[in-house]
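Every chain is numbered from 1, with letters handed out A, B, ... down the list of sequences.
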2 protein chains.
Amino acid sequence: MKKISVLIVDDHALVREGLAKILSMEEGISVVGEAENGERAVELALKLKPDIVLMDINMPGINGIEATKMIKNEMPEIGIIALTIHDQEEYLFELIKAGASGYVLKDIRPDLLVQTIFGVARGESFVPPSMTTKIFSELARLSSLSGRNSFPQGLTRREVDVLRLVAHGDSNRAIAKKLFISEKTVKNHLTNIFQKLGVEDRTQAAIHAVKSKIVEL
Amino acid sequence: MKKISVLIVDDHALVREGLAKILSMEEGISVVGEAENGERAVELALKLKPDIVLMDINMPGINGIEATKMIKNEMPEIGIIALTIHDQEEYLFELIKAGASGYVLKDIRPDLLVQTIFGVARGESFVPPSMTTKIFSELARLSSLSGRNSFPQGLTRREVDVLRLVAHGDSNRAIAKKLFISEKTVKNHLTNIFQKLGVEDRTQAAIHAVKSKIVEL
DNA sequence: TCTTGTATAGGACTTAAGCCCTATTTTCAT
DNA sequence: ATGAAAATAGGGCTTAAGTCCTATACAAGA
């Protein structure tokens with residue numbers, strides 16, 4: 001069993017130290033870095049490629065949500081757990097949209113935090129029980145809204161269609177035929193997809209799609 | 001636990017029926033199709049995408065080795081187990097080269113065949129104990145041959161280098177710089193790679209590389 | 001109502017990608 | 001020694017891919 005590498009992000013040195021202490025006690029976890037603001041968080045995440053980022057939301061400059069977006073954009077395989085002081089439900093959906101996999105209060109019991117880290121490393125997602133109700137109602141709202149968006153990386157439904165075919169090895173012409181649209185439209189979608197995923201061409205997009213499990217192998 | 005889907009290929013209806021009977025008794029296995037020759041085998045394999053193909057070697061027309069190559073070329077994730085009447089070691093290495101993962105005699109005990117199927121589905125490889133010696137000596141020969149070839153799909157060492165970078169999302173120019181060769185040479189290698197893998201462009205090659213585990217994610 | 005997001009598509013352009021040849025050099029296997 | 005495979009590279013060519021901009025139509029949120 002490999003240790004789970006964790007990057008701690010918080011603007012308060014005290015909080016960072018506390019978290020590091022708690023996590024260091026744990027056998028299967030190793031803290032590989034600490035960042036004191038959003039910029040450093042993104043920088044370190046890309047450099048250290050940790051399994052998990054513990055991300056404080058309230059930070060001066062680039063906040064936790066922005067940092068989450070940036071990291072997820074570059075390395076979708078990194079799991080991000082958001083930390084908040086109190087129940088700030090206004091951030092919840094923004095965070096989910098940004099790609100965070102967990103949302104925990106800072107006064108969480110250490111053993112539960114550890115559990116959450118292991119869970120997210122396994123690909124699961126966590127929110128505090130007090131918020132599950134919110135989640136469900138939001139989910140209901142979204143699905144009644146004839147399934148608007150809620151796609152990975154902010155991709156639209158159509159963009160996901162196109163990306164899937166790209167990851168299948170199809171050319172623009174082939175995609176156009178399969179989706180009954182013009183090659184021009186396919187190109188437009190692709191330009192948007194590349195921009196959203198932060199990649200340069202279809203090959204990188206295909207790889208990204210596989211890595212971030214937008215498509216299955 | 002999902003059932004393992006199996007395609008049976010043999011030109012003798014009796015053998016097919018026998019195998020199907022045996023395998024149908026097994027809980028975790030479901031026979032999804034049968035083919036009576038190499039052409040049908042390739043056709044059905046691509047259509048049904050079974051986990052495992054049980055492939056007879058001696059068939060009129062496209063034989064088992066050719067069919068194995070074709071299937072592996074199109075869908076490297078399908079596991080292929082070769083069936084032979086008697087110890088025909090002259091085919092063994094050809095089969096391994098073609099991408100077969102198992103090599104069993106037709107008079108194998110049913111429970112061992114089942115075991116082999118489960119093993120191959122898990123990504124393991126099997127040859128009869130009587131042939132392991134052959135394997136080892138061949139392996140020794142090849143490695144004494146200063147590690148010549150023995151690369152997936154008949155790719156050369158350099159081609160694997162190039163393919164790895166393609167699957168990393170690099171452009172021809174980037175690959176050229178990293179490998180200290182000209183862009184022209186990269187293109188030449190790529191043309192050869194496409195031909196060998198049976199794909200049309202770098203995106204398909206990248207996907208193929210990931211699927212056939214030439215590169216890791 | 002006005003605006004925003006999505007899907008569609010065309011014009012016009014640049015360039016990376018890919019193909020087909022030929023050719024040289026090195027390295028091995030025979 | 002000789003021949004084959006592998007790695008290198010260039011010429012010359014075609015086309016797919018990708019960018020930037022504009023534009024229309026529709027749906028839905030504010």
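- Within the 4.0 angstrom heavy-atom criterion, only backbone atoms of the sugar-phosphate kind lie near A:Ser182; the bases stay farther away.
- Of the residues near DNA chain D, A:Asn172 and A:Asn188, the one whose nearest nucleotide (by heavy atom distance) lies more toward the 5' end is A:Asn172.
- Taking the charged nitrogens against the carboxylate oxygens, B:Asp161 and B:Arg158 do have a contact shorter than 4.0 Å, which makes a salt bridge.
- If you take CZ of B:Arg173 and P of C:dG18, they are 14 Å apart, rounded to a whole angstrom.
- One donor-acceptor pair, N or O on each side, does fall under 3.5 Å between the base of C:dG18 and the side chain of B:Lys187.
- If you measure from atom CG of B:Asp201 to atom C1' of C:dC19, you get 13 Å, rounded to the nearest angstrom.
- Side-chain N/O atoms of B:Thr191 include none lying less than 4.0 angstrom from OP1 or OP2 on C:dG18.
- Counting to the nearest Å, the P atom of C:dT6 and the CD1 atom of A:Ile193 are 13 Å from each other.
- Using a 4.0 Å cut-off between charged side-chain N and carboxylate O, A:Glu159 and A:Lys196 make a salt bridge.
- Map A:Phe194 and B:Lys184 each onto its nearest nucleotide of DNA chain D; the residue landing nearer the 5' end is B:Lys184.
- In this entry the distance linking CD of A:Glu200 with P of D:dA17 reads 17 Å, nearest Å.
- The CG-P distance, from A:Asp170 to D:dA17, rounds to 10 Å in whole Å.
- The side chain of A:Arg202 lies closest to D:dG18 when the candidates are C:dA16, C:dA9, D:dG18.
- One finds a side-chain N or O of A:Thr185 lying less than 4.0 angstrom from the OP1 or OP2 phosphate oxygen of C:dA9.
- Residue A:Gln195 contributes atom CD, which lies 21 Å from atom P of D:dA17 at whole-angstrom precision.
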Practice task
Begin with the C-alpha distance, continue with both residues' side-chain angles, and end with the deciding distance and a verdict on side chain to side chain contact (heavy atoms under 4.5 Å, CB included) for A:Phe194 and A:Gln204.
Solution key: CA-CA 9 Å; A:Phe194 297 160; A:Gln204 290 180 13; over 6 Å; no

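- A donor-acceptor pair under 3.5 Å links the side-chain atoms of A:Ser5 to the main chain of A:Asp51, judged by distance alone.
- Comparing D:dA9, D:dT8, C:dA7 by their nearest atom to the side chain of A:Arg158 picks out C:dA7.
- Rounded to whole Å, atom P of C:dA9 lies 12 Å from atom CZ of A:Phe180.
- A salt bridge links B:Asp10 and B:Lys106; the closest N-O separation between the charged side-chain nitrogens and carboxylate oxygens is under 4.0 Å.
- In this structure, the CG atom of A:Leu190 is 15 Å from the C1' atom of C:dA9, given to the nearest Å.
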